[in-house]
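Okay, so here's the structure we're looking at.
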Amino acid sequence: MRAPHEVFGSVMQERYEPAVVEPAAQRDWDSRGAFAVAEDPTRPKYYCLCMFPYPSGRLHMGHVRNYTIGDVLARYMRMQGYNVLQPMGWDAFGLPAENAAMANGVPPARWTYDNIAYMKKQLKSLGFGIDWSREVATCRPEYYRWNQWLFLRMLERGIAYRTTGVVNWDPVDQTVLANEQVIDGRGWRTGAIVEKREIPMYYLRITDHAQDLLDALDRLPGWPERVRLMQENWIGRSEGLEIEFEIEGAAEPLPIYTTRPDTLCGVTYMAVAAEHPLAQRAAEGNPDIQAFLAECQRTGVTEAALETMEKRGMPLGVHAIHPITGGRIPVWVANFVLMGYGTGAVMAVPAHDQRDWEFARRYGLRIHQVIQPADGSLAKLDEGAWVERGTLINSGQFDGLDFDEAFDAYAKLFEAQGRGRRRVNFRLRDWGISRQRYWGCPIPLIHCGACGVQPVPDDQLPVVLPEELVPDGSGNPLARHRAFLDCSCPKCGAPARRETDTMDTFVDSSWYFFRYACADNDRAMVDERARYWLPVDQYIGGIEHAILHLLYSRFWTRVMRELGLTDVAEPFTNLLTQGMVLNEIYYRKPAEGRVAYFNPADVDVQVDETGVRVGAVLRSDGAPVESGGIGTMSKSKNNGVDPQALVERYGADTARLFMMFAAPPEQSLEWSDEGVDGAFRFMKRLWKAVHQHVSAGPAPALDPAALDDGLRALRRQVHETIAKVTDDYGRRRTFNTAIAAVMELMNALGRAETAAPQARAVVQEALDSVVLLLAPVVPHACHALWRALGHEEPVVDARWPVADPAALQRQSVEVVVQVNGKLRGRVTVPVDADASAVQAAALADPNVQRYVEGRELRKFVYVPGKLANLVV
RNA sequence: GCCGGGAUGGCGGAACUGGUAGACGCACCGGACUCAAAAUCCGGCGAUGGCGACAUCGUGAGGGUUCGAUUCCCUCUCCCGGCACCA
């Protein structure tokens, strides 16, 4: 083996060749096990985690962006002295594998394992500093047995329970469809109108933790405000009243929940869900209602579909008795009321609720105002509902009360009568985890004819999913696979049938970050090592996971804590949500047939002489294509860029540099081939600068006292850049501005006169700093350059540079001068100049004088070292 | 429909706590080098007016607060993410 200095050092090659540099750096890291980490109580730990990928086949740019952000932070924190863990794994169960199986006849398992092998190679070629010894794949029995084990613990404690749930049913394929497989209300393969169907499912009681999941958001200062807000709204805590309405001719009252009890006297109708017993009973012997209920069956189950559909209803011929006025109120069935939400019934106040108002208008129902604006102004109820709080009117003894007083008065009244109570309600629903699919973690239950549903005993775990089956789109192949199905009842020993439902893949991803800490333990879900590494210090992933995945993980962590498996309250201390990767969309719409999309790589953009775009043509035929604007990279729009091709052409460092430079991580990132060229040019300039410097031999030691003004200014910029980049990486997480600052420094270095010995010393310090500052972003090139600059220790293990306060000193600063807020001049003043000195200097400026002359100075504003404003 | 976010030159973006709008990069234009091209290097580059010094306008649209607003408040438009079985 060659010593590093024979490869680089003084014989550093002149040309920047990533195809040589990158594999060499990767081999060096591999041979030294640079990223394998162990628990070390003597050093502060830093657990840097990126959301694991679904093994879809190849990496896409969103992955590259995600993992580059993580790798930059991991390498930066390592240089800051932390014991850094950066693991990786595979979210390997899920629908796409079944779809691929249907298309190609390949078992999901094989497709998945092949994809993992390929994508792992891609991740390695991008140079991410991952500890691969901790890799997990959720489709492996070693992993999912702990899903099963914890599920059984939840079942024992009543955290998991069985009830019915609503699913999309394709009547032709006789199968349950995912929401994404329902297109415009029809099954994606059969085109059949999808029906709602109730089936038994297992649920986890996440609602038991609703209050805590909400309260703890305040203790997550490291999460973006917008994610906390989205979770808060998702949990949706509300305080209201549950009120029972008597139903004419029925023994059972109709309970409803309202957050606006102050509007109670404005109720002019009630509405129940199609599945509500009142509606079902009214339908008996009434074909019109039956037809309406059947129609309600044929809608999607998503909230978006329900909210956007036409609000329709039908009177049931049943009446409720108003609990205050004693008046008769018609009860309707309405398609927008959901059986699963609250009590499946609502009171309707058209005067003060917009949806009720529209419904009342449509069906000619009464609109009765009971709230008036507190300022006495008039509510225009013929234009829409008046939904603000106000003062009660038309409410008998309650007239004149405000919202809080009315809430209280009604609550006391109903509580005294036993016909209602105060209630806190959450929008959050329990987590249904049953999926009628093959490629997922089997739910470890056994159905016995005599003993009912029995849990699989712990010593028989895991229930292993057979890996050779190929789904065909009509139901779950497990249900036809005798070797899986047949078993004996653990209680009575009689022949029994295994449960064929599998778990939601969100279960797999709710705790994988624990397993990385102890992936090799085959006797326990987690061990002591998880106590060392958890919680995750920095979690990085797409904003699209802001609610579900993160909420489920927070819940699962709470369950693990209840079971004594962890002491961690919250799994992710800091969260960074990265934006999408976008690209141009080009298409042609033929007179007939489907729109054809063209990959931007095959399209030439035409610009006029000022650089403005005037059109685009397809390179292969030279004919014009239409621009469809900018959109997320996707298969359907054919606008993806293959990371592999990019790495092969420019190298991983250029790909990483472009991604980090083009936009701050939280914003969406627009792809640009020209931008990649620019990043590559910068890499070549950096390489050349170091090459030129080291070719002239070793630089002398730096003597800061011996520098002239020019060199002192250059050295100040070096240290200003160190301070800025440190702040940008560490606090702001804006890698684009950090890279821009380094580019500015390189530009200044290129302009400087560097022949003199002390100039060479400053350049050495500058280049050392630049290589250290860029090492997290472009680690391969910096690995080589650091050694070329004469350092023995590899740059991954180098210490992060610290700005020298002495080098940052300045004697004078430029202050901009405004007159009445408009920029009129600039003056240079000593750094320690006081306001009066700056005012005098400002008034001495000829251009400033033009605007101040002959007018009275009313006010003088001075922002030290920056700005002076003369108000005249 | 509901919840969250965004909009700044020809383009991606910068301006961090209300204080110089346009850093850095791309594209484009001009120049150097070259037989030539590519590569590289140097310079210019928001709009309008002016020879120029400068001036006026300008951060999706409209209004407000302030000595001063891309930044804070109100109204609106468009785009993106999520809406519980895509991951």
Side-chain angles (χ1 to χ4, degrees), chain A residues 51 53-54 56 91 94-96 165 167-168 176-182 224-227 229-230 232-234 236 301-309 311 336 355 428-429 431-432 434-437 504-506 509 542-549 551-552 577 579-580 582 607-613 629-632 658 661-664 666-679 681-682 684-685 688 727-728 731-732 734 736-737 739-744 747 750 814-823 826 847 858-861 863 866-872:
Chain A
M51 289 182 186
Y54 179 80
S56 55
D91 189 11
L95 210 47
V167 294
N168 302 302
V176 176
L177 298 179
N179 285 333
E180 86 162 355
Q181 297 173 317
V182 179
E225 179 64 31
R226 70 169 193 266
V227 175
L229 244 182
M230 281 191 261
E232 185 181 325
N233 291 334
W234 185 264
V301 298
T302 70
E303 191 185 288
L306 294 167
E307 291 279 339
T308 49
M309 75 187 173
K311 307 290 182 292
F336 58 85
R355 189 175 64 183
L428 180 69
R429 310 198 297 258
W431 175 13
S434 297
R435 297 291 180 270
Q436 297 69 43
R437 288 187 219 302
D504 180 6
T505 56
F506 275 125
S509 57
I543 182 68
E544 67 273 19
H545 296 291
I547 296 176
L548 291 179
H549 161 61
L551 196 64
Y552 291 148
T577 49
M580 307 267 145
L582 315 177
V607 294
D608 68 11
E609 64 285 350
T610 60
V612 180
R613 305 172 57 133
I630 306 267
T632 321
F658 168 72
F661 178 64
E666 306 228 286
Q667 275 180 40
S668 58
L669 179 147
E670 227 175 278
W671 190 256
S672 156
D673 287 328
E674 294 77 20
V676 176
D677 278 330
R681 274 201 289 274
F682 177 77
K684 286 192 284 191
R685 273 203 298 276
K688 200 163 111 185
D727 189 45
D728 282 354
R731 178 181 65 90
R732 296 211 307 151
T734 53
N736 55 328
T737 53
I739 294 164
V742 175
M743 285 175 169
E744 280 187 80
N747 291 344
E814 190 183 67
V815 170
V816 298
V817 183
Q818 296 180 336
V819 179
N820 287 348
K822 280 190 186 287
L823 180 64
R826 332 169 162 257
N847 199 44
R858 300 240 310 264
K859 192 170 169 184
F860 180 74
V861 181
V863 181
K866 278 200 154 171
L867 173 142
N869 189 11
L870 301 145
V871 185
V872 296

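Atom set for the values below is all heavy atoms of this structure, side chains included, hydrogens, waters and symmetry mates excluded. Just so you know, these numbers come straight off a predicted model, no measurement behind them. In what follows, chains carry the letters A, B, and so on, assigned in the order in which the sequence lines appear, proteins first and then strands, with residues in each chain numbered from 1.
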Is any side-chain nitrogen or oxygen of [X] closer than 4.0 Å to OP1 or OP2 of [N]?
X        : N     : answer
A/Arg732 : B/A15 : yes
A/Ser668 : B/C80 : no
A/Lys822 : B/C57 : yes
A/Gln667 : B/A14 : yes
A/Arg226 : B/G6  : no
A/Asn233 : B/C83 : no
A/Thr632 : B/G81 : yes
A/Asn820 : B/G68 : no

Pairing nucleotide - [N], Watson-Crick or G-U, each distance under 3.5 Å:
N     : value
B/C24 : B/G12
B/C45 : none
B/C76 : B/G60
B/G68 : none
B/G81 : B/C3
B/A32 : B/U40

With a 4.0 Å cut-off on heavy atoms, is [X] in touch with a base, just the backbone sugar-phosphate, or nothing at all?
X        : result
A/Phe661 : base
A/Trp234 : base
A/Arg858 : nothing
A/His549 : nothing
A/Arg429 : base
A/Pro664 : sugar-phosphate
A/Asp91  : sugar-phosphate
A/Gln436 : base
A/Ala546 : nothing
A/Leu95  : sugar-phosphate
A/Val182 : nothing
A/Phe682 : nothing
A/Thr302 : sugar-phosphate
A/Val227 : nothing

Whole angstroms only, please: what is the [atom1]-[atom2] distance between [X] and [N]?
X        : N     : atom1 : atom2 : value
A/Glu303 : B/C2  : CD    : P     : 11 Å
A/Leu823 : B/C54 : CG    : C1'   : 12 Å
A/Met580 : B/C86 : CE    : C1'   : 12 Å
A/Asn736 : B/G12 : CG    : C1'   : 10 Å
A/Leu582 : B/G13 : CG    : C1'   : 14 Å
A/Glu744 : B/G25 : CD    : P     : 8 Å
A/Met230 : B/C80 : CE    : P     : 16 Å
A/Asn747 : B/G43 : CG    : C1'   : 14 Å

When the [atom1] atoms of [M] and [N] are compared, how many Å lie between them, rounded to an integer?
N     : M     : atom1 : result
B/U77 : B/G62 : P     : 15 Å
B/C24 : B/C45 : C1'   : 15 Å
B/A23 : B/G13 : C1'   : 10 Å
B/U59 : B/U71 : P     : 9 Å
B/G46 : B/C41 : P     : 22 Å
B/A38 : B/U20 : P     : 41 Å
B/C76 : B/G25 : C1'   : 34 Å

What's the separation between atom OG1 in A/Thr737 and atom CE in A/Met743, rounded to the nearest 0.5 Å?
12.0 Å
Distance in Å, A/Glu303 CD paired with A/Asn179 CG, rounded so as to fall on 0.5 Å steps
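One finds 11.5 Å between CD of A/Glu303 and CG of A/Asn179.
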In the structure I gave you, are the side-chain heavy atoms of A/Ile543 and A/Val227 within less than 4.5 Å of one another anywhere?
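Counting from C-beta outward, A/Ile543 and A/Val227 do come under 4.5 Å.
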Do A/Glu666 and A/Arg226 have side-chain heavy atoms sitting under 4.5 Å apart?
yes
As a test of reading the structure: which of [options] is closest to the side chain of [X], going by heavy atoms?
X        : options             : value
A/Ala178 : B/G19, B/C86, B/C16 : B/C86
A/Tyr552 : B/A27, B/A84, B/G81 : B/A84
A/Leu548 : B/A87, B/G1, B/A27  : B/A87

Base of B/G9 relative to its sugar, syn (within 90° of 0) or anti?
syn
Any donor-acceptor pair under 3.5 Å joining the side chain of A/Arg826 to the base of B/U20?
yes
Could you check A/Gln818 against A/Ala679 and say which one's nearest nucleotide on RNA chain B is further toward the 5' end?
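In this pair, the answer is A/Gln818.
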Map A/Asn847 and A/Leu428 onto RNA chain B by nearest heavy atom, then report which one ends up closer to the 5' terminus.
A/Asn847
Dump the intermediate steps for side-chain contact (heavy atoms from CB on, under 4.5 Å) on A/Val816 and A/Lys866, then the final yes or no.
CA-CA 6 Å; A/Val816 298; A/Lys866 278 200 154 171; over 6 Å; no
Please walk me through it: do A/Phe682 and A/Phe658 pass side-chain contact (heavy atoms from CB on, under 4.5 Å)?
CA-CA 10 Å; A/Phe682 177 77; A/Phe658 168 72; over 6 Å; no
Main-chain N/O of A/Leu177 paired to A/Asn168 side chain as donor or acceptor, under 3.5 Å:
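Yes.
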Give a yes or no answer on whether the side chain of A/Asn820 reaches the backbone of A/Val872 with a donor-acceptor pair at less than 3.5 Å.
yes
Before you tell me yes or no, could you show the steps for A/Leu551 and A/Leu428 under side-chain contact (heavy atoms from CB on, under 4.5 Å), namely the whole-Å CA-CA distance, both residues' side-chain angles and the distance that decides it to 0.1 Å?
CA-CA 11 Å; A/Leu551 196 64; A/Leu428 180 69; 3.8 Å; yes
Derivation of the side-chain contact (heavy atoms from CB on, under 4.5 Å) call for A/Val167 and A/Val301
CA-CA 7 Å; A/Val167 294; A/Val301 298; over 6 Å; no
